[in-house]
Amino acid sequence: MQNKFKAVLLAAALLTSSGAAFAEDSFWSWLIDFSRQKEVQPVTNKVYQEECGSCHFAYPAGLLPGKSWAKLLDEKALEDHFGENASLDTDTLKEIREYAMENAAEKSWFKRSRKIALATAEGEAPLRITEVRYIKRKHHDIPEKMIKGNKDVKSQSYCNACHTKADKGIFDNDTVSIPNFPDWD
Ligand code: HEC
Ligand code: HEC
């Protein structure tokens, strides 16, 4: 009994010494990361955030599979990016492309990314997030007047017009609010 007690004390002493502070920190950040896994990883690359967040909100890379990013983030393709010129210099494009490919839906463990990876595993690479089956299904009952006819939304592409925490990668129903339609849910 006495020895067991000593062993517990020794273990406690070891835990509170040297490595403990680090262990505790990494435990909490692990826990926070883990609890977020049900959503989408927010953008973590500064260049991507700046260059791809100037015309619309910077879409988290986990919202599309790598094969889509490969098509979108191509020198020629960016010259006519949905009717806009979104060209980048070679080095910037390389960094953004690598970032998007490394964090694409099929590379992520976040739940929504897994679903997007699954929904796009077969067939043509979608060029829009809004074309992904899983995303379409989630929005099919929203009337057009709340999207295109809504001056504060304009298009389904402006996720953050309705998803108030989109920049944190959070899209759950509790954080949705359609501008000018406060009663819709
Ligand atoms: C010059 C403005 C501009 C820049 C810069 C820009 N985009 Fe876009 N992007 C657009 C427009 C316009 C659309 C179409 C929006 C619509 O249909 O309402 C779009 C649409 C998209 C879509 C499809 C969204 C959907 O409908 O699902 C993706 C993905 C996208 N952009 C990614 C990027 C990435 C990644 C970058 C950075 C390399 C970028 N964009 C930079 C203007 C821009
Ligand atoms: C016009 C407002 C609006 C826009 C724009 C919009 N959404 Fe949504 N979204 C909603 C609403 C409302 C719901 C909840 C639907 C419901 O209650 O069933 C939703 C649901 C979702 C869900 C499912 C949430 C859950 O808990 O299952 C995801 C994921 C999502 N949206 C992603 C996106 C992405 C990504 C974009 C941009 C490409 C986007 N949305 C653009 C209004 C919008």
Side-chain angles (χ1 to χ4, degrees), residues 38-43 45-105 108 110-120 125-185:
K38 61 183 164 55
E39 288 292 338
V40 175
Q41 179 167 54
V43 173
N45 181 285
K46 205 162 164 279
V47 178
Y48 181 97
Q49 178 69 50
E50 277 167 15
E51 299 291 345
C52 305
S54 55
C55 299
H56 43 66
F57 113 103
Y59 301 111
L63 288 175
L64 281 176
K67 61 182 176 183
S68 298
W69 291 125
K71 277 191 175 173
L72 282 162
L73 299 174
D74 163 83
E75 209 179 313
K76 270 267 161 287
L78 283 175
E79 282 172 15
D80 182 5
H81 173 80
F82 304 95
E84 301 269 340
N85 186 340
S87 320
L88 296 165
D89 66 68
T90 313
D91 288 348
T92 311
L93 175 56
K94 188 167 176 280
E95 173 164 357
I96 287 176
R97 192 183 152 100
E98 273 172 19
Y99 170 72
M101 299 298 285
E102 277 164 19
N103 292 279
S108 172
F110 283 66
K111 192 178 104 191
R112 294 202 199 282
S113 293
R114 308 298 320 154
K115 293 193 170 167
I116 288 168
L118 203 68
T120 56
L127 292 178
R128 287 178 176 272
I129 301 153
T130 49
E131 275 170 14
V132 175
R133 225 182 328 122
Y134 165 70
I135 298 291
K136 264 185 165 164
R137 181 159 49 79
K138 293 286 184 181
H139 299 98
H140 73 100
D141 60 349
I142 306 175
E144 277 295 287
K145 65 167 191 225
M146 297 188 188
I147 306 169
K148 286 210 170 61
N150 189 340
K151 66 175 170 54
D152 296 320
V153 179
K154 294 194 190 89
S155 122
Q156 187 69 53
S157 308
Y158 298 104
C159 320
N160 58 330
C162 304
H163 292 278
T164 58
K165 292 193 175 164
D167 60 337
K168 297 192 170 62
I170 300 172
F171 292 92
D172 67 46
N173 293 348
D174 300 348
T175 58
V176 179
S177 161
I178 304 182
N180 309 313
F181 293 90
D183 298 330
W184 198 84
D185 65 14

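Counting convention: from 1, in listed order, for ligands and their atoms alike.
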Undergrad: Which atoms of the protein, restricted to N, O or S, are nearer than 2.8 Å to atom 8 (Fe) of ligand 1?
TA: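 Protein N/O/S atoms under 2.8 Å of atom 8 (Fe) of ligand 1: H56 NE2, H81 NE2.
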Undergrad: Between ligand 2 and K138, is the shortest N or O to N or O distance under 3.5 Å?
TA: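 So ligand 2 has an N or O lying under 3.5 Å from an N or O of K138.
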Undergrad: For residues 127-136, pull every pair meeting salt bridge (charged side-chain N to carboxylate O under 4.0 Å, His left out), keeping only residues two or more places apart or in separate chains.
TA: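 Output for this query is empty, none listed.
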Undergrad: Is it true that L63 lies under 4.0 Å from ligand 1, counting heavy atoms only?
TA: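 No heavy atom of L63 comes that close to ligand 1.
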Undergrad: Which ligand 2 atoms, with their elements, are less than 4.0 angstrom from a heavy-atom of C159?
TA: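 Those atoms are 34 (C), 35 (C), 36 (C), 37 (C), 38 (C), 39 (C), 41 (C).
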Undergrad: N/O of Y134 under 3.5 Å from N/O of ligand 2, yes or no?
TA: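 For ligand 2, there is no N or O atom that lies under 3.5 Å from one belonging to Y134.
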Undergrad: Which atoms of ligand 2 are found less than 4.0 Å from any heavy atom of I147?
TA: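 Counting atoms of ligand 2 from 1, those under 4.0 Å from I147 are 1 (C).
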Undergrad: For ligand 2, is any non-hydrogen atom under 4.0 Å from N173's backbone (N, CA, C, O), its side chain (CB onward), both, or neither?
TA: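 Within the 4.0 Å criterion, N173 contacts ligand 2 through backbone and side-chain atoms alike.
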Undergrad: Can you find an N/O atom of H139 closer than 3.5 Å to an N/O atom of ligand 2?
TA: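 H139 vs ligand 2: N/O contact under 3.5 Å present.
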Undergrad: Would you mind running through ligand 2 and noting each atom that sits below 4.0 Å from a heavy atom of C162?
TA: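 Matching atoms, with element in brackets: 1 (C), 2 (C), 3 (C), 4 (C), 5 (C), 42 (C), 43 (C).
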Undergrad: Say whether H163, considering both its backbone and side-chain N or O atoms, lies within less than 3.5 Å of an N or O atom on ligand 2.
TA: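 Yes.
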Undergrad: List ligand 2 atoms under 4.0 Å from I142, heavy atoms only on the residue side.
TA: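 Counting from 1, the qualifying ligand atoms are 10 (C), 11 (C), 12 (C), 42 (C).
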Undergrad: Applying salt bridge (charged side-chain N to carboxylate O under 4.0 Å, His left out) as the test, list every pair that has at least one member in residues 50-63; sequence neighbours left out.
TA: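 Listed by first then second residue: K46-E50.
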Undergrad: Report the part of T130 (side chain from C-beta onward, or backbone N, CA, C, O) that has a heavy atom under 4.0 Å from ligand 2; answer both or neither where that applies.
TA: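 It is the side chain that gets close, since no backbone atom is under 4.0 Å.
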Undergrad: Has T175 got a side-chain atom pairing as donor or acceptor with D172's backbone, closer than 3.5 angstrom?
TA: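 Answer holds: yes.
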Undergrad: Please list all pairs meeting salt bridge (charged side-chain N to carboxylate O under 4.0 Å, His left out) that have one or both residues in residues 140-165, counting only residues at least two apart or in different chains.
TA: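 Passing the test, one end in residues 140-165: E144-K148.
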Undergrad: Relative to the heavy atoms of D172, which atoms of ligand 2 are at a distance of less than 4.0 Å?
TA: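 It comes down to these atoms of ligand 2: 26 (O).
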